[in-house]
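Throughout, protein chains are lettered first and strands after them, A, B, ... in sequence-line order, and every chain is numbered starting at 1.
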There are 2 protein chains.
Amino acid sequence: MRDGGDIEALIQMMARLPGLGPRSARRAVLHMIRKRGLLLTPLAELMTRVARDARECLNCGNIGTQDICDICQDNRRNNGLLCVVEDVSDLWAMERSGVFKGRYHVLGGTLSALDQVGPEELRIPKLSARVDSEEITEVILALNATIDGQTTAHYIADQLEGRVTLTSLAQGVPIGGELDYLDEGTITAAMNARKPV
Amino acid sequence: MRDGGDIEALIQMMARLPGLGPRSARRAVLHMIRKRGLLLTPLAELMTRVARDARECLNCGNIGTQDICDICQDNRRNNGLLCVVEDVSDLWAMERSGVFKGRYHVLGGTLSALDQVGPEELRIPKLSARVDSEEITEVILALNATIDGQTTAHYIADQLEGRVTLTSLAQGVPIGGELDYLDEGTITAAMNARKPV
Ligand SMILES: [Zn+2]
Ligand SMILES: [Zn+2]
C-alpha cells in the first residue's frame, strides 16, 4: 500500500459528507490527526458503535440505538399528541425547540408522483395504524411548507379525517421554508399558534 | 445510556471539526447513518487505522503512515531540490500542482516572538542537518507570504547562506496569500518563475 493511502482515502471519503468539500476535508483530516487522542480516536470509536447500533424506531421512524426510541419509551410525554414530520432532522429540530411534549411520527419523505413515492413508500400506513391503536387525540401535521410537503399533508388529512383532530403548524413557518432551517423561536411560535386543518 | 447518546455524542464531536458546525454535523451524521455501508462503516475503519498509523515523517515532517514517508522514499524524485514549507497542508497543495519533483521539508509553523516559537520549536535544526548530509543543491523557500512566513524565510536564508543555492517562490503568490488557498495553476506559475533570494 502506498504510504498515506489510508489518509488519502479518509480525505476522499470525508469530502463526500454534506457540507464538506475536498479542501475542508483535508483540513478536517489534518486537524483530526493532530488532535488524535481528543478527536480522531473518539470519533472512530463513536462511528464504529453508531454504525453497529443505529436503527429506525419501529414505532415512529426516529433514529436511535434501540428498536423503540427513547421518545416513544418516555412515559412523561403526552400520548394524545402526535406530531407528523417528514424527516428525522425535522424531529430533531422540533426537539431542540423544546416546545412539543407529545410523540412523533416520521414519514421518511413526501409523496411525489415524479419520484414515484406513494403512501406505501412512506410511513403512512403505520401512521394510520397508530391513530387506530394508540390514544391519540390530535395529529399535528408539521410538514415542510413546500409543494410536496403540503400535498402530503392534504393526503394524510384526507385519510385521517373524522378519526382524530388534525392541526398544522401555523404562523412562523415561511413559505417554502423547511423546518430543519428554522430557529427554535420560530418553531415554538408556529407550534403555539397551530390551527385546525 | 440514553437512547441515541452515541449519536448525539457523534454529532457534537463532528461539530468540532473545522468547517463543520452543529447544523452541518447533524446533516453529516444523518447522511452517514443512511449510507452506513458506503460511508459510516468505511469511515470508522479508516479513522481507526489512521488514528493508529498516522505519524510525522522522521526526515521531512510530512504526515503519512510510515516512519519515512513515500516522498522521502521515492527514488525517482530529485534529491538536489528541497522545498521548505510551513505546514503539511502546503506540501499537499504543492503535490496537487504536480510541478515539483524534488523533496520537502515541513517546518511545522513559523517563527513567532509573540507565541514564543523559536527555531528549536520548528524543524529548522533538522533542515540545517539535511543540507549538510544530503546532496541538496537548491533550497526553495515556499513559505506563506505573511509577515511570520517571510520572517522565517529570512532567518533560514541567513542560516543557509553560502551553503546552498536559495530560491523562493516568485510571481503568482499574492501578498498575504497562503499556499493552501491557491489553485494549482498559481502554484505552478510561482514555482516555474522562482528566483534567487
Ligand atoms: Zn420512536
Ligand atoms: Zn518524508
Looking at Arg34(A) and Asp87(B), does any basic side-chain N land under 4.0 Å from a carboxylate oxygen?
-> yes
Look at Val29(A), Ile33(A), Leu30(A) and state which one has the largest set of heavy-atom pairs under 4.5 Å with chain B.
-> Leu30(A)
Please state whether the side chain, the backbone, both or neither of Leu43(A) comes within less than 4.5 Å of a heavy atom of chain B.
-> both
Would you mind checking which part of Met32(A) comes under 4.5 Å of any heavy atom in chain B, side chain (CB onward), backbone (N, CA, C, O), both or neither?
-> side chain
With side chains defined as the heavy atoms from C-beta onward, is the minimum distance between [X] and [Y] less than 4.5 Å?
X        : Y        : value
Leu40(B) : Thr48(A) : no
Leu46(B) : Ile7(A)  : no
Ser89(B) : Arg26(A) : no

Which value, rounded to the nearest 0.5 Å, describes the distance between Trp92(B) atom CH2 and Arg23(A) atom CZ?
-> 12.0 Å
When rounded to the nearest 0.5 angstrom, what distance separates CZ in Arg16(A) from CG in Leu38(B)?
-> 6.0 Å
Measure from the side-chain N and O atoms of Arg36(B) to the backbone N and O of Ala54(A), and report whether any donor-acceptor pair falls under 3.5 Å.
-> yes
Contact origin within Arg55(B) toward chain A - heavy atom pairs under 4.5 Å | backbone
Measuring heavy-atom distances to chain A, does Leu20(B) have an atom under 4.5 Å in its side chain, in its backbone, in both, or in neither?
-> side chain
Between Thr41(B) and Ala51(A), the two heavy atoms sitting closest are OG1-CB, 3.6 Å
Residues Ala28(B) and Pro18(A): closest non-hydrogen pair is CA-CG, 3.9 Å
May I ask you to name which of Glu45(B), Met14(B), Arg52(B) has the most heavy-atom pairs under 4.5 Å with chain A?
-> Met14(B)
Check the surroundings of atom NZ in Lys35(B): do more than 12 heavy atoms from other residues, nucleotides or ligands lie under 6.0 Å from it?
-> no
CD1 (Ile147(A)) with more than 12 external heavy atoms under 6.0 Å = no
